[in-house]
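Because the structure is a prediction, the values reported are computed rather than measured. Values below: every heavy atom of this structure, side chains too, minus hydrogens, waters and symmetry copies. Throughout, residue positions are numbered sequentially from 1 according to the sequence presented.
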Amino acid sequence: MNTYVEEYTSFMTNVRHKSMNTIESYKRDVTQYITYLSDSGIKDAALATKTTILSYLLLLQKSGKASSTVSRTLASLRSFYLFMMQNGAVAVNPTSNLEAPHVQKKAPQILAGGEVERLLLQPDTSDNKGIRDKAMLELLYATGIRVSELINLDVSDVNISMSFIRCSGGKKERIIPMGHEAKTAISDYIKNARPFMIKDENEAALFVNCAGVRISRQGFWKLIKHYRNEAGIQAEITPHTLRHSFAAHLLENGADLHSIQEMMGHADISSTQVYSRVVNSKIKDVYAKAHPRA
């Protein structure tokens with residue numbers, strides 16, 4: 001059955017041209033499903049039935065997996081069996097008409113303006129690592145790009161003189177402006193820190209780790225958790241928190257939804273509208289606490 005997985009991964013990479021994050025997620029979901037089939041005595045994924053897949057999804061739910069994880073797993077299996085149908089491995093798609101479990105969307109975690117300021121002040125810019133960290137945090141908050149997009153930036157994607165970055169992480173390229181603080185931090189990093197961190201002058205990555213190669217998502221996760229503790233911020237912070245805060249703070253200060261949608265690379269305006277609900281909810285809370293007749 002592992003042959004199916006390898007062929008499917010190749011198809012997703014070379015034919016569908018999916019992103020590496022998507023391919024890794026789908027491959028992981030399908031591999032875990034194949035292991036379940038093997039443990040259940042089913043030696044060929046083509047022999048699985050709708051009942052088999054429902055039983056697997058139910059097992060995931062009972063084991064405490066989040067609804068979003070179960071939903072994504074079903075999407076992975078749908079894609080996998082469509083591939084198998086196209087290649088003649090199965091005549092009927094066992095995922096047909098299966099409904100994904102309802103996903104309860106949580107409100108995005110938003111930092112207050114003062115919390116963002118404290119977080120951005122934490123890196124010690126007296127050394128190269130601190131200069132890099134300052135530049136990463138400032139750029140993330142200034143542009144609202146995804147962490148995967150941040151770490152995949154190359155030096156050639158930054159235009160200091162025109163104050164923008166070029167981001168190619170989504171389906172289409174985006175040009176995103178950056179403010180004075182981010183521009184200053186990035187310029188400082190490129191001129192005064194990065195040259196001493198890279199080991200190879202041909203290194204394309206903008207942000208590198210202490211080994212001189214592109215920093216990883218895990219590496220950024222560790223540094224943002226460190227600075228959250230240093231800043232004394234009580235709320236849990238993920239690498240996505242600054243992206244959410246970027247959007248909410250733009251809305252609070254009068255930016256329109258369509259401009260924010262374009263900067264964030266949302267394919268659907270509904271993904272951006274969630275920030276309107278968060279901001280409106282905050283306004284209602286302020287009103288309820290402050291108005292004498294609320």
Hydrophobic cluster membership, with links at side-chain heavy-atom distances under 4.5 Å among I/L/V/M/F/W/Y: are [X] and [Y] in one?
{"X": "Val30", "Y": "Leu54", "answer": "yes"}
{"X": "Ile131", "Y": "Leu121", "answer": "no"}
{"X": "Leu59", "Y": "Ile34", "answer": "yes"}
{"X": "Val155", "Y": "Ile186", "answer": "yes"}
{"X": "Tyr8", "Y": "Leu47", "answer": "yes"}

Flag if over 12 foreign heavy atoms under 6.0 Å of [atom1], [X]:
{"X": "Lys50", "atom1": "NZ", "value": "yes"}
{"X": "Lys129", "atom1": "NZ", "value": "yes"}
{"X": "Asp39", "atom1": "CG", "value": "yes"}

Would you say the side-chain atoms of [X] pair up with the backbone N or O of [Y], donor to acceptor, closer than 3.5 Å?
{"X": "Ser55", "Y": "Thr51", "answer": "yes"}
{"X": "Ser63", "Y": "Leu60", "answer": "yes"}
{"X": "Thr52", "Y": "Thr49", "answer": "yes"}
{"X": "Asn229", "Y": "Gly232", "answer": "no"}
{"X": "Arg194", "Y": "Ala205", "answer": "yes"}

Measure across [X] and [Y] and return the closest heavy-atom pair with its distance rounded to 0.1 Å.
{"X": "Arg132", "Y": "Cys210", "value": "NH1-N, 4.4 Å"}
{"X": "Val5", "Y": "Lys27", "value": "CG1-CG, 4.0 Å"}
{"X": "Pro94", "Y": "Leu98", "value": "O-CD1, 3.8 Å"}
{"X": "Tyr26", "Y": "Ala75", "value": "OH-CB, 4.1 Å"}
{"X": "Asp124", "Y": "Ser126", "value": "OD1-OG, 2.8 Å"}
{"X": "Gly130", "Y": "Thr125", "value": "O-CG2, 4.1 Å"}

Could you list all the ring-ring contact (aromatic ring centres under 6.0 Å, His included) pairs where at least one residue sits in residues 126-145, not counting sequence neighbours?
-> Tyr141-His249
For residues 177-204, the ring-ring contact (aromatic ring centres under 6.0 Å, His included) pairs (sequence neighbours left out) are Tyr189-Phe207
Considering only distance and modelled atom types, tabulate donor-acceptor pairs under 3.5 Å from the side chains of residues 158-167, sequence neighbours left out.
residue, atom, partner, partner atom, Å
Asn159, OD1, Ser161, N, 3.3
Asn159, OD1, Ser161, OG, 3.0
Asn159, OD1, Met162, N, 2.8
Ser163, OG, Lys183, NZ, 3.4
Arg166, NE, Asp157, OD1, 3.4
Arg166, NH2, Ser156, O, 3.3
Arg166, NH2, Asp157, OD1, 3.0

Go through the structure and list residues passing side-chain hydrogen bond (donor to acceptor under 3.5 Å, both in side chains) with Ser10, not counting sequence neighbours.
-> Asn14
side-chain hydrogen bond (donor to acceptor under 3.5 Å, both in side chains) filter on Thr22, not counting sequence neighbours, yields Ser19
Identify the residue among Leu223, Ile233, Leu111 that makes a side-chain contact (heavy atoms from CB on, under 4.5 Å) with Arg228.
-> Ile233
To the nearest 0.5 Å, how far apart are [atom1] in [X] and [atom2] in [Y]?
{"X": "Asp154", "Y": "Arg214", "atom1": "CG", "atom2": "CZ", "value": "4.5 Å"}
{"X": "Thr13", "Y": "Ile23", "atom1": "OG1", "atom2": "CD1", "value": "3.5 Å"}
{"X": "Leu139", "Y": "Leu150", "atom1": "CG", "atom2": "CG", "value": "6.0 Å"}
{"X": "Ile53", "Y": "Leu74", "atom1": "CD1", "atom2": "CG", "value": "8.0 Å"}
{"X": "Leu140", "Y": "Ser245", "atom1": "CG", "atom2": "OG", "value": "9.5 Å"}
{"X": "Ser25", "Y": "Met12", "atom1": "OG", "atom2": "CE", "value": "9.5 Å"}

Run the salt-bridge test on Glu203 and Lys199 with the 4.0 Å N-O cut-off and return the result as yes or no.
-> no
Hey, does [Y] have a side-chain heavy atom less than 4.5 Å from the side chain of [X]?
{"X": "Leu120", "Y": "Glu138", "answer": "yes"}
{"X": "Ile190", "Y": "Leu206", "answer": "yes"}
{"X": "Phe220", "Y": "Leu137", "answer": "yes"}

Considering only distance and modelled atom types, tabulate donor-acceptor pairs under 3.5 Å from the side chains of residues 81-88, sequence neighbours left out.
residue, atom, partner, partner atom, Å
Tyr81, OH, Tyr33, OH, 2.7
Tyr81, OH, Ala45, O, 2.8
Asn87, ND2, Phe83, O, 2.7

Full working for side-chain contact (heavy atoms from CB on, under 4.5 Å) between Met136 and Ile215 | CA-CA 11 Å; Met136 293 184 79; Ile215 192 169; 3.9 Å; yes
